[in-house]
Number of protein chains: 2
Amino acid sequence: MPNPSSDHQAAPTHRRIPEATVGRLPVYQRILEEVLRAGTTTVSSELLGSLARVNAAKVRKDLSLLGSFGTRGAGYDTAFLIEQIDRELGLNHVWPVVIVGIGNLGRALAHSHGFAARGFRVVALLDIDAAVIGEQVGEVVVRHVDELTTIASEQPLAIGVIATPPSAAQRVADLLMQSGVRSLLNFAPKVLEVGPEVLLRYVDLSIELQIMSFYQSRMVAPGEEGAMPVIRSIGLSTTGFD
Amino acid sequence: MPNPSSDHQAAPTHRRIPEATVGRLPVYQRILEEVLRAGTTTVSSELLGSLARVNAAKVRKDLSLLGSFGTRGAGYDTAFLIEQIDRELGLNHVWPVVIVGIGNLGRALAHSHGFAARGFRVVALLDIDAAVIGEQVGEVVVRHVDELTTIASEQPLAIGVIATPPSAAQRVADLLMQSGVRSLLNFAPKVLEVGPEVLLRYVDLSIELQIMSFYQSRMVAPGEEGAMPVIRSIGLSTTGFD
DNA sequence: CGATGTGAAATGCTTCACAGCA
DNA sequence: TGCTGTGAAGCATTTCACATCG
């Protein structure tokens with residue numbers, strides 16, 4: 001059983017973590033939380049790897065970038081490792097989030113359980129539809145988009161989530177940027193134009209389906225060189241775009 | 001102006017397309033659709049690249065993997081290029097989709113407009129809540145999960161979307177796999193265990209936020225070696241997990 | 001003995017730079 | 001002339017293999 005408090009090297013401040021690794025850290029974290037909840041206090045790179053569908057050596061290399069947190073012969077202390085990943089991902093801060101567009105998707109996001117647990121505080125919900133404004137969703141009351149400037153002046157907003165119809169998405173993005181929001185998560189099926197100083201991440205549900213259909217069409221087609229019988233698993237990552 | 005019908009080399013069947021490229025193709029496709037709708041019938045790799053936030057050379061290399069579809073001196077014919085990408089992604093087929101879990105997220109997905117346009121046909125909506133069963137969402141009536149076997153025997157189901165609470169997710173995944181579904185898109189915040197023959201893709205909204213907060217914390221922290229002032233943009237990709 | 005941590009090799013991806021064509 | 005298509009170089013990531021240590 002490893003002992004978190006005695007050995008374990010302190011994490012060097014701000015080593016350069018490869019993007020590919022950053023993309024996997026939240027996945028490890030989620031798995032570790034489940035594993036811990038199940039009562040397993042120590043995990044090996046092998047176990048973690050098989051749950052994440054990742055080569056064990058890759059897991060070890062990823063984790064070694066955060067510091068030497070494992071115990072040879074035993075593995076990693078689950079709870080301790082979660083803490084280290086939290087710290088690395090900046091989840092010891094509180095990140096105020098604003099969601100714009102309170103339709104089905106916006107509601108699903110607002111209700112999302114994991115948010116609060118991970119330090120994301122939904123501080124504002126915005127829409128333009130009078131039928132929704134004033135409604136309480138979770139802890140927060142929906143307000144009109146025009147109030148964004150006021151809200152932003154009262155408190156900093158770290159992340160803006162765009163869950164509007166595509167026709168409104170660019171306008172909302174502009175508005176958020178004007179209000180000082182520097183990270184946008186866009187769920188609208190719309191290509192946004194934002195400055196290079198804005199961190200933009202795009203989650204499009206039909207894109208996910210398209211990628212799956214691509215791999216599936218390769219699976220069923222007994223193609224050329226020995227066929228490609230099996231695609232094992234595709235996960236999330238941050239690479240691919242610079 | 002390029003002429004789609006005359007020159008343009010036919011696409012070789014089943015070249016090996018890098019995963020990273022596959023991840024970008026749907027993005028190009030969405031951009032091209034918007035560009036075409038705006039009336040631009042020819043695009044350069046430069047334009048496409050700037051909209052996708054991707055190096056122009058990368059765009060050219062990506063597209064050249066599908067075949068020689070550009071016209072030197074002019075660029076790519078927008079409509080023709082869309083067709084080629086569609087074909088490559090297998091979007092000339094119809095992909096029957098089943099959505100399990102008709103809460104806010106399930107509804108948002110069921111209503112998703114782009115689905116039908118891209119050959120994804122939502123053929124079944126399933127839940128276990130009597131209050132929802134029988135309700136018509138879009139074109140389809142919600143049925144009980146127990147009917148899955150019957151539905152699957154009447155028609156093939158290509159892709160299963162899991163939009164249930166996490167506690168039900170593994171059970172639903174097992175059920176879908178038993179019914180012959182070989183591709184799962186999981187929105188539940190739950191680590192699924194599925195066989196290696198199943199294509200599994202995991203979209204977790206708090207993971208997206210975690211990654212953004214990581215980069216944001218690096219942006220504001222004027223760290224070591226010359227600081228990292230700006231993260232340009234992060235997009236979707238398929239790499240990072242094998 | 002069993003599992004980590006890590007150089008070094010192998011692989012994959014991106015970018016450059018420019019020949020070649022419309 | 002302008003923009004594509006592509007070898008080749010450069011860079012990043014993954015995987016291997018094993019020394020190391022609890």
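Every heavy atom of this structure was used, including side-chain atoms; hydrogens, water molecules and symmetry mates were not.
- Among the protein residues, A:Thr21 comes within range of no part of the nucleic acid, since none of its heavy atoms lies under 4.0 Å from any strand.
- We find that CZ of B:Arg16 is positioned 14 Å from P of C:dT11, with the value rounded to whole Å.
- Along DNA chain D, the nucleotide nearest A:Asp62 and the nucleotide nearest B:Val43 are compared for position; the residue whose nucleotide lies closer to the 5' end is B:Val43.
- Distance CG (B:Leu47) to P (D:dG2): 17 Å, rounded to an integer number of Å.
- Side-chain atoms of B:Ser64 lie closest to D:dG5 of the nucleotides C:dT4, D:dT14, D:dG5.
- Considering CZ of A:Arg24 and CD1 of A:Ile31, their distance stands at 11.5 Å, rounded to 0.5 Å.
- For B:Arg72 against C:dG20, a side-chain-to-base donor-acceptor contact under 3.5 Å is present.
- Residues A:Gly195 and B:Arg53 share a closest heavy-atom pair of O-NH2, 3.0 Å.
- Scanning all heavy atoms of the two residues, the minimum distance from A:Ala158 to A:Trp95 falls at CB-CE3, 3.6 Å.
- With B:Glu197 contributing its side chain and B:Arg182 its backbone, the two residues share no donor-acceptor pair below 3.5 Å.
- Going from atom CZ of A:Phe69 over to atom P of C:dT6 covers 12 Å, rounded to whole Å.
- Looking at B:Thr42, its side chain never comes within 3.5 Å of a backbone N or O of B:Asp77 through a donor-acceptor pair.
- Nearest to the side chain of A:Lys58, among D:dT14, C:dA22, C:dA3, sits D:dT14.
- Screening A:Val194, A:Val198, A:Leu184, A:Ile159 against A:Leu176 for a side chain to side chain contact (heavy atoms under 4.5 Å, CB included) leaves a single residue, A:Leu184.
- A donor-acceptor pair is defined here as one N or O able to donate and one able to accept, closer than 3.5 Å; no such pair exists between the side chain of A:Glu208 and the backbone of B:Val203.
- Closest to the side chain of A:Arg24, out of D:dG5, D:dT14, D:dT4, is D:dT14.
- The separation between B:Glu19 atom CD and D:dA12 atom C1' is 16 Å, rounded to whole Å.
- Within the helix from C:dC1-D:dG22 to C:dA22-D:dT1, the inter-axis angle between the opening and closing five-pair segments is 20°, rounded to 10°.
- In this structure, A:Glu46 places its CD atom where only 12 or fewer heavy-atom neighbours from other residues, nucleotides or ligands lie under 6.0 Å away.
- The phosphate of C:dC13 has neither OP1 nor OP2 within less than 4.0 Å of any side-chain N or O from B:Asn55.
- In terms of phosphate contacts, A:Tyr76 brings no side-chain nitrogen or oxygen within less than 4.0 Å of OP1 or OP2 of D:dG22.
- Taking for each of A:Ala57 and B:Arg60 the nucleotide of DNA chain C with the nearest heavy atom, the 5'-most of the two is the partner of A:Ala57.
- At whole-Å resolution of the value, CG in A:Leu48 and C1' in C:dA3 are 13 Å apart.
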Within the sub-3.5 Å range, which N or O atoms of nucleotides 8-11 of chain D have a protein N or O partner, and how far apart are they?
{"residue": "D:dA8", "atom": "N6", "partner": "B:Lys61", "partner atom": "NZ", "Å": "3.3"}

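- Close to D:dT4, at under 4.0 Å from its OP1 or OP2, lies a side-chain N or O of B:Ser45.
- Just one of A:Thr164, A:Val161, A:Ile162 meets the side chain to side chain contact (heavy atoms under 4.5 Å, CB included) condition when paired with A:Val100; it is A:Thr164.
- Considering only heavy atoms from C-beta on, B:Val97 stays 4.5 Å or farther from B:Leu185 through its side chain.
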